[in-house]
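Bear in mind that the values here come from a model prediction, so they are computed numbers and not experimental data.
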Amino acid sequence: MLRLAAASLAGLGLGGCLGEGLVTGALTAPEKQSALDVSPLLLVATTRRPAKDPRAAPYFTEERGRGLSFAELRLSAPDRSLIGKVSSVVTGDWRLVAAPRVETGPGAAAAFADATLGRDVLLYVHGYRESFETAALSAAQLSDGIRFRGVSGLFTWPSAGSTFDYGYDRESALWSRDALEDLLRALAGPAGGGRIHLVAHSMGTLLTLETLRMLRADAGEGAMARIGAVVLAAPDIDIDLFTKGVERLGPAAAKITVISSTRDRALGLSSTIAGGVLRAGAADRERLEALGVRVADASEYGSGLINHDLFLSNGEVQQVVKRAVARAAGA
C-alpha cells in the first residue's frame, strides 16, 4: 500500500460535509485508549504460506498456503510521549514483535473464534501490494485510530507485495474466498459471540463482497445478522460487478459504507488495466447511493498524488469508519 502523509486540517477546506452526518473540522474530546493499545495482540487469519519459522519474522510469505492459518501476533505499541511521537516519524509507529501461537489446518478458523472470547471483532482485509507485515501494521493502525474496544483482527491473503503483480494479487484474493467464509462462519457461531465488523481496502473489498454473497447464500440470514459494519474503502471493483454483488446481499446491503473518491489515482490506473471499466471506489456518490449503500465521498480530502488510503492517513475520513462501527454496535 502506498503510504500517504496525514493531511493537515488547515489545508483541506473543512467547511463542507464528508457525508454520514459528519461535519468536518468538528473538535471532539480526547478518546480513551484502544483495547489494542492496552493489550497489543492482533488475531490473524491468513491463506499465506507460513515461513520456515512462522513464529518469527517474516512469519508468512507471499505464496499461497495449503489452508487457513491462525496466529496470535504480539505487537509493540507506539511511544505516546512527545519524544516518541517525533521519533516515530523515522522509526514508524506500531511494530511486530512475535507470533507466539500459530495453528494451521482445519481448526484454524475455530481457534480464531475461540480467541475472541465472545467479544466484538474488527476484522481488516487488506488490498493490493501488501506484505504480511504491512497488512498487520495497517490493521493495528486502523483499530487504534478509531479507538476500537473489542478484538483487533486481520485476514491477510497472499499478495505478492509488488506493483507489477496485480493479476497474481487479484487471483489470490478470489482464491481466498472459501477461507474467509470459513472464518466468518466460525465467528458467527457460538464460539464467536460478538459482532463482526469488516473493514476492507482496495482489492480486499472484492474478496469481502464476494465472500459476503457466499455467506448469505450458504449460511443464511442468521449468519448475516452477526455482521456489523461493512466498510469498503476505495473499492477496487468493477462497478457492474459491485452492483450485482450489492443486489445479491438483499437487506444486508444496508450495512455497507463505501468510502469513495473520484480523485483516487490508483483506482484510475486499475480502471485502465481493466479495459476502462469504472471502479466502484471512483464512482459518483449518487450512483452508489442508488444501490442502497451509505457513501462517504472523500474526493476533497486527499492532498497526495495517489489518495488511495485516506481511511488510514486522514483523521477526518477515518471517523467514517468509527461512526459506521458505532452505529452497527448500537443496532
Are a donor atom and an acceptor atom from the side chains of Ser69 and Thr46 found within less than 3.5 Å of each other? no

Do the non-hydrogen side-chain atoms of Ser260 and Leu288 ever get within less than 4.5 Å of each other? yes

Could you check whether any side-chain N or O of Tyr301 sits under 3.5 Å from a backbone N or O of Ser261, counting only pairs where one atom can act as donor and the other as acceptor? no

Nearest heavy-atom contact between Gly228 and Ala328 is C-CB, 3.6 Å

Sorted by first residue and then second, give each ring-ring contact (aromatic ring centres under 6.0 Å, His included) pair with at least one member in residues 137-157; sequence neighbours left out. His126-Trp157

Any chance you could lay out the side-chain contact (heavy atoms from CB on, under 4.5 Å) test for His197 and Ile227, step after step, and finish with the verdict? CA-CA 6 Å; His197 304 291; Ile227 302 295; over 6 Å; no

Qualifying ring-ring contact (aromatic ring centres under 6.0 Å, His included) pairs with a residue from residues 96-119, counting only residues at least two apart or across chains: Phe70-Phe112

Any salt bridge between Arg285 and Glu289, counting N to O under 4.0 Å? yes

Are the side chain of Thr134 and the backbone of Ser131 linked by a donor-acceptor contact shorter than 3.5 Å? yes

So which atom in Phe164 and which in Tyr128 form the shortest heavy-atom distance, rounded to 0.1 Å? N-OH, 4.1 Å

First locate atom OG of Ser152, then atom CZ of Arg119, and finally report the distance between them rounded to the nearest 0.5 Å. 9.0 Å

One thing to verify: whether Asp120 and Arg195 come together as a salt bridge, which I'm taking to mean a side-chain N less than 4.0 angstrom from a carboxylate O. no

Restricting to non-hydrogen atoms, name the atom on Leu187 and the atom on Ala113 that form the minimum distance, rounded to 0.1 Å. CD2-CA, 3.8 Å

Quick one: does any side-chain atom of Lys322 pair with a main-chain N or O of Ile146 as donor and acceptor, under 3.5 Å? yes

Taken to the nearest 0.5 Å, the spacing of Thr211 OG1 from Leu174 CG works out to 8.5 Å

When you measure from the side chain of Asp169 to the backbone N and O of Ala160, does any donor-acceptor pair fall under 3.5 Å? yes

Grab the two heavy atoms, one from Ser34 and one from Asp144, that are nearest each other, plus how far apart they are. OG-OD1, 2.6 Å

Using side-chain contact (heavy atoms from CB on, under 4.5 Å), reason through Leu232 and Leu198 one step at a time and then give a plain yes or no. CA-CA 8 Å; Leu232 305 180; Leu198 294 164; over 6 Å; no

Side-chain touch Tyr168/Pro158, heavy atoms, less than 4.5 angstrom: yes

Is there a donor in the side chain of Arg95 and an acceptor in the side chain of Ser76, or the other way round, less than 3.5 Å apart? yes

Would you say Arg216's side chain and Arg248's backbone share a donor-acceptor pair under 3.5 angstrom? yes

Verify side-chain contact (heavy atoms from CB on, under 4.5 Å) between Leu291 and Phe242, making sure each step is shown before the conclusion. CA-CA 10 Å; Leu291 300 175; Phe242 181 80; 3.7 Å; yes

Can you tell me if Asp284 uses its side chain to pair, donor with acceptor, with the backbone of Glu286 under 3.5 Å? no

Side chains of Leu184 and Ile196 in contact at under 4.5 Å (non-hydrogen atoms): yes

From Ser271 OG over to Asp236 CG, what is the distance, rounded to the nearest 0.5 angstrom? 9.5 Å

Would you say Leu212 and Val230 make side-chain contact, with heavy atoms under 4.5 Å? yes

Could you report the tightest heavy-atom contact between Glu103 and Ala111, atom names first, then the distance? OE1-CB, 3.6 Å

NZ/NE/NH1/NH2 to OD/OE distance under 4.0 Å, Glu63 and Arg48: no

Under 3.5 Å, is there a donor-acceptor pair between the side chain of Arg49 and the main chain of Gly65? no

side-chain contact (heavy atoms from CB on, under 4.5 Å) assessment of Val125 paired with Leu207: CA-CA 8 Å; Val125 184; Leu207 165 60; 3.8 Å; yes

I'd like to know if the side chain of Arg279 and the backbone of Ile239 have a donor-acceptor N/O pair within less than 3.5 Å. no

Pair Ser270, Tyr166: side-chain N/O donor-acceptor within cut-off below 3.5 Å: yes

How long is the span from the CE atom in Met203 to the OG atom in Ser172, to the nearest 0.5 Å? 9.5 Å

What are the two closest non-hydrogen atoms of Leu312 and Gln141, and how far apart are they? O-NE2, 3.3 Å

Is there a donor-acceptor pair closer than 3.5 Å between any side-chain N or O of Thr205 and the backbone N or O of Ser202? yes

Would you say the side-chain atoms of Ser299 pair up with the backbone N or O of Thr262, donor to acceptor, closer than 3.5 Å? yes

Spacing of Leu123 atom CG and Leu43 atom CG [to the nearest 0.5 Å]: 9.5 Å

For the atom pair CG (Leu215) and CG (Leu249), what is the distance rounded to the nearest 0.5 Å? 9.5 Å

